[in-house]
Amino acid sequence: KGNEHNGPKEAAAEILKYITGEKELKTLEDAKDADCIIVAVAHNEFKAMSLDEIKSLFKDGEDDKKVLLDVKGLYKVDDLKKSGMRYWRL
C-alpha cells in the first residue's frame with residue numbers, strides 16, 4: 001500500500017522530508033539557510049511571497065549564489081532577472 005496523504009501540503013511535506021534526510025519542514029522558517037529553493041506548487045502562500053521574501057530564506061551571501069527553481073512560473077522573468085538570483089523557470 002502506497003503513502004496516503006490528506007492533500008497537497010501533506011504530500012509536499014513528505015517529499016521534503018525525503019529530500020532533506022527526514023528533516024521535517026512545517027513552516028517556511030524551517031527552510032532558512034537554503035542553498036536552493038524549488039517552488040513546485042502554486043499555493044497561495046507562494047503566490048503571495050515577493051522575491052525579497054524568497055531571498056530571505058537563503059543562506060547569507062551574494063544573490064548570484066542563490067538558486068530559485070520556479071517550476072510553476074509564478075514569478076515574472078523581468079523580476080527574476082532584477083533579483084540577481086540564478087533562476088530556472090518552466
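Between the Arg86 side chain and the Val67 main chain, no donor and acceptor come within less than 3.5 Å of each other.
Separating the CZ atom in Phe58 from the CG atom in Asp35 is a distance of 8.5 Å, to the nearest 0.5 Å. Atom CH2 of Trp88 and atom CD1 of Ile38 lie 10.0 Å apart (nearest 0.5 Å). Here the straight-line distance linking atom CG of Asp79 with atom OG of Ser50 works out to 10.0 Å at 0.5 Å rounding.
Summarising the geometry of Ile54 relative to Ile37, their closest heavy-atom pair is O-CD1, 3.7 Å, with the distance given to 0.1 Å. The nearest pair of heavy atoms linking Leu74 to Lys47 is CD2-CG, 3.9 Å.
Considering only heavy atoms from C-beta on, Met49 comes within 4.5 Å of Leu57 through its side chain. A heavy-atom distance below 4.5 Å is found between the side chains of Val77 and Tyr87.
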Problem set entry | Residues Leu80, Leu51; criterion side chain to side chain contact (heavy atoms under 4.5 Å, CB included); working and verdict | CA-CA 8 Å; Leu80 289 165; Leu51 287 174; 4.0 Å; yes

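Applying the side-chain hydrogen bond (donor to acceptor under 3.5 Å, both in side chains) test to every pair with at least one member in residues 60-78, sequence neighbours left out, gives these pairs: Lys55-Asp63, Asp63-Lys66.
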